[in-house]
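Encoded as structure tokens, the structure appears first; notes follow it.
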There are 2 protein chains.
Amino acid sequence: MREKSEETQKQILDAAKKIFASKGLAGARMQEIADEAGINKALLHYYYRNKEKLFEQVFEEAIHKLLGPVASFMADDSELFTKIRNLCHHYYAVLIEYPFIPIFVLNEASVNPDRFLRLMKFEGVMEAKDKTTKQIEQSINDGKIRPIDPRELLWNILSLCIFPIISRPVAGKLLYPDVEVSEVLKERADKVADFVIQSIKI
Amino acid sequence: MREKSEETQKQILDAAKKIFASKGLAGARMQEIADEAGINKALLHYYYRNKEKLFEQVFEEAIHKLLGPVASFMADDSELFTKIRNLCHHYYAVLIEYPFIPIFVLNEASVNPDRFLRLMKFEGVMEAKDKTTKQIEQSINDGKIRPIDPRELLWNILSLCIFPIISRPVAGKLLYPDVEVSEVLKERADKVADFVIQSIKI
DNA sequence: GTCTATAATTTGATAGAC
DNA sequence: GTCTATCAAATTATAGAC
């Protein structure tokens, strides 16, 4: 079936991504990950010395996928409404694939906020944020959007992009009992962008 | 130091609250809870037969504090914008006082959505939601607000009320490095209500 | 590289003295 | 009611054959 190590490695990472996503770090079982990858525990440990290392791999890859583009999107020269739309789409796309990121980051952040802050600085998020902040202020001065604290606006966008992902299991059952929530989420990026733009446009 | 069982019980519940909130059910260790409570594991098991039972106790108490009043607010007969404002204020008021509840609930809800759903039904959240949903639809038909899927609107309000609380440590450092975030949060309820109403009003 | 079998460790839970 | 000591089960991790 499988011939190469690279192939197995990918299977492991995909399996780990899936299990970590639904169970979290503590709740995930190495056996379950091995099963999902179609191999056994021993081989899993052969590829990744321990569970912690495996998680680090998946997590850092995920963070990079999330924050790298966020910084790029915020730092580019597109018009404000376009930028908001791009940001929403990106957040939803990545977080649907790595839904465990927010909860894990938030858990860690409550214990050690500086660790995540360091990662954000490394990815260039701070400068990107400053640039977007200036852009928002400029848009207000130009009479393009109503007055609003840029920090407030950014926090709102983050809330509307991230919270639905982490609340998906319960909100899905509460609000969308008869629909496939993953489908709802896919369409939600654009609707959230609309919601934000509706709120700030003159 | 301790004389009575009631006192010990409270210490246990407070400790469990704290540990479960930061580690989740799977991540929490009975030893750690015992340490935090200033007792030993055996005594912990004397008060609560097993970890599951202890968790149930803490979880249900937290849910009740959060959802009971929410259901009342949603079920009352106030006008839509007033209701939105009330909801935002209530969420912020309660969650500023009990900031551990959301992470705690979301952690577990991701793993076991049905447990949370059962509690929501018990607290009467479903009926309250249905009533507010009808109210939103009526407001759209009356031309009072722009067309929007009620589920989408409710999910947005929840996001804007809950996410800032759980992201406070990291968002605070990112967005408000030189300000006291607790002060920002206190004023935020009204601003969030404004943001939502601005987005949906005609 | 991949497997089976097993060691080592963690941790929830209990027995029994005081 | 509270403790020390210990068991039993679950789970991570490794040894060693192929």
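Proteins come first, then strands; the chains are lettered A, B, ... in the order of their sequence lines, and each starts at number 1.
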Measure [atom1]/[X] against [atom2]/[N] and give the value in whole Å, please.
X	N	atom1	atom2	answer
Ile39(A)	dG1(C)	CD1	P	12 Å
Gln31(A)	dA9(D)	CD	C1'	15 Å
Leu44(A)	dT11(D)	CG	P	15 Å
Glu7(B)	dG1(D)	CD	P	14 Å
Leu25(B)	dG12(C)	CG	C1'	12 Å
Tyr47(B)	dC3(D)	OH	P	9 Å
Glu32(A)	dA10(D)	CD	C1'	14 Å

Enumerate the residues from residues 48-57 of chain B whose closest heavy atom to DNA chain C is under 4.0 Å, giving them by residue number; use none for an empty result.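 Those residues are Arg49(B), Asn50(B), Lys51(B).
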Closest approach of Arg49(B) to His45(B) (non-hydrogen atoms, all atoms of both residues): O-CD2, 3.2 Å
Is a donor on one side and an acceptor on the other found under 3.5 Å between the side chain of [X] and the backbone of [Y]?
X	Y	value
Thr132(A)	Met74(A)	yes
Lys51(B)	Ala28(B)	yes
Lys41(A)	Gln31(A)	no
Arg188(B)	Glu152(A)	yes

Return the nearest nucleotide to the side chain of Met30(B); candidates are dG12(C), dG1(D), dC3(C).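 Nucleotide nearest to Met30(B)'s side chain: dG12(C).
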Closest approach to the side chain of Arg29(B), judged atom by atom: which nucleotide of dG12(C), dT2(D), dT12(D) is it?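 Side chain of Arg29(B) sits closest to dG12(C).
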Find out whether the Lys NZ or Arg CZ of Lys144(B) is both under 6.0 angstrom from the six-membered ring centre of Phe81(B) and within 45° of the ring's axis. yes
Which atom pairs link the protein and nucleotides 15-18 of chain C when you take only N or O atoms and keep those under 3.5 Å?
none

Phosphate contact ([N] OP1 or OP2) by [X] side-chain N/O below 4.0 Å:
X	N	answer
Thr8(B)	dT2(D)	yes
Tyr46(A)	dA13(D)	no
His45(B)	dA13(C)	yes
Asn40(B)	dC3(D)	yes

Taking any heavy-atom pair under 4.0 Å as a contact, classify Ala26(A): base, sugar-phosphate, or nothing.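 Nothing, no heavy atom under 4.0 Å.
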Are Lys17(B) and Asp14(B) close enough for a salt bridge, meaning some N to O gap below 4.0 Å? yes
In sequence, state the C-alpha distance, the side-chain angles, and the governing distance for Arg146(B) and Ser199(B), and then conclude on side chain to side chain donor-acceptor pair (under 3.5 Å). CA-CA 8 Å; Arg146(B) 69 174 176 88; Ser199(B) 181; 3.3 Å; yes
When the nearest nucleotide of DNA chain C is assigned to Lys41(A) and to Ala28(B) on a heavy-atom basis, which residue is associated with the more 5' position?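 The answer here is Lys41(A).
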Ring geometry between Phe20(A) and Phe55(A) (parallel below 30°, tilted from 30 to 60°, perpendicular above 60°):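 Correct class here is perpendicular.
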Aromatic ring centroids of Trp155(A) and Phe195(B) under 6.0 Å?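 No, the ring centres sit 6.0 Å or more apart.
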